[in-house]
Each structure stands twice: as C-alpha cells, then as structure tokens.
Amino acid sequence: MFLKFKSEVESVLKKALDASGYQIDDLHIEESAHADLASSLSFRLASEYRQSPAAIADVIADAITIPKDSLVGDVQTVGAYINFFASRKFIDDTVHEIFEKKKRYGTGSGKGKVIIEHTSANPNGPLHVGHIRNSIIGDTLARILKTAGYDVEIQYYVNDMGRQVAIVAWAMDRFEFDGQKKADHAIADVYIRANRELGEDPDLVCQIDELMQGIERGDAEMIERFSSATDLAVSGITSTLKRMNVHHDRFVHESMFVKGGEVSALVGELKELGLTEMADSALVVPMPTFDKDLVILRSDQTSVYVTRDLAYHRWKAEQCDRMIDVLGADHKLISNQLCYVLSACGVKEPEIVIFEFVSLPEGSMSTRAGKFISADELLDEVEKQALIEVTKRRPDAEEDFRNHVAKEVGIGAVRYDIVKVTPEKATTFDWESALDFDKLGAPFIQYSHARACSILRKASHVPESIDPARLSGDAEISFVKELARFSYVIDLASRELKPHIVAIYARELAEEFNQFYRLSPVLSAPDDVRDARIGLVECARIVLASTLGVLGIAAPESM
RNA sequence: GGGUCCGUGGCUUAGCCAGGAUAUAGCGCCGGCCUUCUAAGCCGGACGUCCCGGGUUCGAAUCCCGGCGGGUCCGCCA
C-alpha cells in the first residue's frame, strides 16, 4: 500500500510541477519524521528560478489537486518542504488488504528465477560463528526474494576437490576418527592434527599432491575417499543449519564439473578466445585491471578452485535470471576476477553480496589452526541461557513449553543479532553479548507477536469483517501506517539485497504495536470499537508473523 | 607498498550510494509504572568534536580530495 501511496504522491506532484511551470527530473520524495512522505525539491528549484524555496513550495502545493479516492489525504508546506499525508482510504485499504490476504499480504510481483548460493563452507570441519553470518544473511535474502515473488533456488557449493579436502582424506587414513562425535567436529579434529603434522614435516606434502592429481585423473578409489570425507562433514553441517532454520534446495559438488567435462571445455574456450597465456608451465588469464594474472591451470595441469567456480557459474547462469552469491570479504578480489572472466566469455555475472569478517577478541578464526567457536557450541549455550530466561519469567510453565520456547527464542536471538547489522561492518564475537537477552532483539519482536496472540485467544473470536473507520486513535493510525510499509520494505530489501532493512523494520513494527497496546485497550473497549481493534490485532499478528518468517525466526503464540 | 571495507554518546548500532527540517535505536546509567489485554513491556532523564583537515554547496554524518586508525585481500590455497 505504501508503494502505491508513493507513486500517487509522485503523480500529483509531477502534475503540479507541470501546471506551475517548473521543471525537474528528480522529485526528491523521501520518508520523513514530519510527514508520511516529503519532498525537498523546492531547494533545488530555488537557484535556477531565482525565487525563495518556501515561495516555490507554496506555489507547487497550491497547484496540487488530489483526485477523489486518493491515498493522498493532505498536502502541507513547512518552509521549503512539501509534506504529504496519507488519506483515510489509505488506512482503510491497508487494513482490508491484510484482512483479506492474510499470510499472503505483502507478497510482491517479482518475476523470474533466482539462484542464490550461500554458506558453501569447506567440508573440513563444523560451521563456526563466522560461517553462520553467511548462512543467516543468505537464508534471509532467500526468504526476502521469495516474499518479493521470485522463484528461488538455494544452493550450497561443496568444495569436494581442493587441497583441504585432500588433507582431510589423508588424515582420515592416518589418524583415528572419533565416530562418537558429531561428524563435522570429528573431521575437524583429524584435519587440525594433519595440518600440524604437515607443518612440522614438509616432506609429507607430496602425499597430498599425489592425492590431488589422483582426483583430477578420475581415480575411482580416490574419488571415493574424498567424497566419503566430504559427505560426513556436509551431514554435520546440514544438521547445524537445520537447527538455525537454514535450508538449501540443492548441494552442488564442484567435482561434478571436472567429471562432466565442463571445466576442460571452459578452459578450451578461454584458450580459443585468446584470453589465456602460458606462464612458466601454468595457464593464466591476464588481468588488466588487477595487477596479477589469474592462474587457472597449475603447472601439473590440474585445475584450481576458481577454474571450477567459473564452470559452476556458467552452469548456473544458464538456469536462472538472477544469480546471487553470498561471500566473505576475503573473496572480494577473487570474485571480481571471476566476474571479469565470465563477462569476457559472454556469461552474465553474479550479483555478489559481501559480508565482512567475524573475529574473536584474540584475532581471526581459523579452522585449520583449531581457532574457532563452532556454531553448535554457540547454539547450545544460547539455548541453555534462553531456558534460564524463560524459566525466570514462566516458572510454573510445563517443561516442554519452556524447552520449546527456549529453542525458538535462542535461535531467533542468534539470527536477529547477526542479521540486524549491515553486512559491511566487521564484528567481533563475544560471549557476553551473544548470551545477552536484554538487548533489543528477536525476543522483543516475538514477544509482541505473543501479546497479539494472547489478546486474540481471550477475545475468543475474530470478526469476519472489519470496519476500519472505527480505528481513529493516533496510535492505531500510525500502527496501520507501519503495517502498510511491509511490502515496501520487502521490495527495497530484495532490490538492494540488504537483509538488515527487514530486521530494522521488524523492530519498528513491534515498537508501534507496543504503542497501540499501551494506548488502545482492546478487550475492554466499547462494543463498537472492540471488534475493529480485535481486527487490527489480527492484522498485527499476521504481519508480525510474516516479518519474523522472512527473518527465519519462529513466531511463538505464547512465551 | 597497492586495492577494498569500516570509523556515529562508555559499548553496540541506523541513516551515507540517490546531500535538506530537532542524528536512529538498544545496552549500560538515573528516576518512575504490575488488583488494568503476558513487565522479554511501557514512560521520563542524562550522555554526541557523526575519526581529523581541507573543498563543493543556500545547506555536508551523507559528495570530492588529503590524512589517521582498524579489518581484509594482493598463493600454481579455498
């Protein structure tokens, strides 16, 4: 509804400009604390037309005519600003729309297929608290895009051919594998040990090289060793992701592109296109804008990660309209190089979402060195703390209930905490803040939802239809306006690929609901407004649940 | 050394790309509100050289230039 309101504001403003003889391309319409939408275009017209900004604003405002049944209700000027206010119809239509569409309210009209790749952590250990920033950003983006109307496929690219996997395969034979442990953690144990040993005795490194040549040749026994190791790790990773409500539709193994010939075909084409050169005995693509050449075949003619990644992207590009990769900041250069080569051979480039690193107070994390906090450990601790918090508040509740709520609140807190900050900010993990349930986060929003549900339970029935005209208090009106922003926020977040926009909206929505909750009693209201307010609470429940759903956070009916 | 991202009250953070009206919110701090729809809530208060210096502009947290500080990358690793 807000989008429609905005376009109506644009239209009346444009007409008024024509009528009053001013010309400007950008209308400078923005959200404002002083109005539902405001324009500051008078400032820019002032110098060109040699008139005072305020005078121009008045002339334009006078020339504005609002059509009947418009979503625009009123126009006022304050100095040079032209302020637009939503009409009664805007309020009524919003409420009706939510009431009719229910869960589908806010779904956009995005068209086409999107393939989004996220997490794609190497299968050499469990996910750590850095990886899950990738997972949560990626999963939230996928949910945003689905809500925006796109057909979304979510992929995990499994690096099952690299040196790190070779080290894991080597280590599995050499050291005892703890079958009692969660598989990804047990893999990390032997992987860390192997790295230590390889570091101490460099002569062992040639054994790893042999494994890698074997896999490139297509040696069946070698492939079996690699894939059994990666499958184990991936199974552990998947169960961690599931705990966090993170889902992938498809796991694509990079070995597929070596076996299937896509990698060698691509290398052949790059040669034919004249994009490659020999450097020593390796094959490279010269990079004019990046100061170093990009190696795509080692001296022993085996492919490197980026070569397979190029084949993977070409394969993906054929199947979708938009391709999105969520990558850590360390991939910035290599992904730019990847895009350069893709466009040089006529393949559409992916849209890349980069997030900055999560580090520990003592420095950056490293799976190889065993310096990391695993996602499982974090989730365990957060759930434990959440149970303490639930028990504090609901000491008499059944144990099942408390456990259930603790899970929903704990996971929600982790997801919200990560998604609420813009991806380009580097963060430092610390336990105190991770386990702090007092800071405003998911529980605040979940609690608002539970409050709405509680009112609806006590109301015992939700009216079939709603008469929004009965909603007239300031808190009611501004809450409806906040509800109306939902699809606008989804649209914005899906275009800019910024999930934190939705997180911030969720908080603002909950804040507005709390204002309504405080100022407008529902159950004790006089009969004529009672039903309308119950209807509005139902709208609140729907939109709060949808917003939490987009964030991958559970919406408890009671907590 | 070069590239890139970040720098906003004690801490965390929105706004910056598309410059405008009192700079967003939380934690922490001070003071209030539970016989009234769940107090994981609400109300009030204190706390700011928007890293620094120039420039552009009627107007700069926002754009440009130059610094400073931090992350990250610059492997025939992934």
Side-chain angles (χ1 to χ4, degrees), chain A residues 26 28 30 32-35 38 40-44 46-47 52-53 78-81 83 120-122 124 159 161-165 254 279-284 289-292 295-306 308-309 328-334 336 354-357 359 364 368 386 389-390 392-394 405 409 413 417 420-428 433 436-448 450-459 496 500-501 503-504 507-508 510-511 514-515 517-525 533-534 537 558-559:
Chain A
D26 187 344
H28 287 96
E30 58 220 26
S32 162
H34 310 274
S40 60
L41 87 178
S42 324
F43 283 111
R44 347 246 139 182
S47 61
S52 86
V78 177
Y81 297 95
N83 290 337
S120 302
N122 289 323
N124 55 6
N159 302 155
M161 287 202 61
R163 181 161 218 97
Q164 306 182 23
V165 187
E254 62 171 343
D280 300 322
S281 41
L283 189 70
V284 303
T289 46
F290 314 95
D291 39 343
K292 274 184 185 129
V295 174
I296 58 169
L297 288 183
R298 300 186 183 96
S299 312
D300 63 5
Q301 303 311 299
T302 55
S303 61
V304 292
Y305 170 80
V306 73
R308 292 167 235 138
D309 207 17
D330 54 338
H331 285 70
K332 234 179 260 185
L333 175 62
I334 194 73
N336 280 333
I354 294 285
F355 67 94
E356 292 289 331
F357 265 53
S359 55
S364 52
R368 184 180 6 192
E389 301 288 338
V390 179
K392 218 187 316 184
R393 293 167 175 95
R394 302 288 297 269
V405 172
V409 165
D417 207 33
K420 75 173 182 200
V421 350
T422 175
E424 55 240 22
K425 223 138 189 165
T427 61
T428 304
S433 148
D436 179 6
F437 283 82
D438 288 329
K439 69 173 178 235
L440 181 144
F444 172 78
I445 301 151
Q446 291 173 312
Y447 185 69
S448 304
R451 274 180 153 180
C453 290
S454 172
I455 293 175
L456 293 170
R457 264 195 307 276
K458 294 203 167 149
E496 304 202 348
H500 77 283
I501 295 176
I504 287 157
R507 187 201 79 210
E508 289 170 348
E511 275 170 358
N514 281 324
Q515 290 309 307
Y517 184 93
R518 177 169 70 98
L519 298 166
S520 307
V522 177
L523 300 177
S524 61
R533 286 186 183 167
I534 291 171
V537 174
S558 176
M559 62 186 271

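Just so it is clear: chains get the letters A, B, ... in the order the sequence lines come, proteins before strands, and each one is counted from 1.
- With B/C42, B/A14, B/C37 as the choices, the nucleotide that has an atom nearest any side-chain atom of A/Q515 turns out to be B/C42.
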Could you run down nucleotides 23-30 of chain B 5' to 3' and tag each one B, S or - for protein heavy-atom contact under 4.0 Å? -SSSS---
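- No more than 12 heavy atoms of other residues, nucleotides or ligands lie within 6.0 Å of CZ in A/R368, so this atom counts as exposed by the packing criterion.
- For the OP1/OP2 pair of B/C42 and a distance below 4.0 Å, the side-chain nitrogens and oxygens of A/N514 include at least one atom meeting the criterion.
- Across all strands, A/F43 comes closer than 4.0 Å to base atoms (heavy-atom distances).
- Remark: the separation of the C1' atoms in B/A60 and B/G19 is 6 Å, to the nearest Å.
- Across all strands shown, A/N83 has heavy atoms under 4.0 Å from base atoms, whether or not it also approaches the sugar-phosphate.
- When heavy atoms are screened at a 4.0 angstrom cut-off, A/G162 is found touching the sugar-phosphate backbone but no base atom.
- The side chain of A/R308 contributes no N or O atom lying less than 4.0 Å from OP1 or OP2 of B/C77.
- Applying the 90° cutoff around 0 to the glycosidic angle, B/C34 is assigned syn.
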Base, backbone or nothing for each nucleotide of nucleotides 67-75 of chain B, written B, S, -, heavy atoms under 4.0 angstrom, 5' to 3'? ----BSSSS
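- Judged purely by distance below 3.5 Å, without hydrogens or angles, the side chains of A/N159 and A/R308 never pair a donor atom with an acceptor atom.
- Among the protein residues, A/V522 comes within range of the nucleic acid bases, having at least one heavy atom under 4.0 Å from a base atom.
- In this structure, A/D309 reaches neither bases nor backbone, as no heavy-atom distance under 4.0 Å exists between it and the strands shown.
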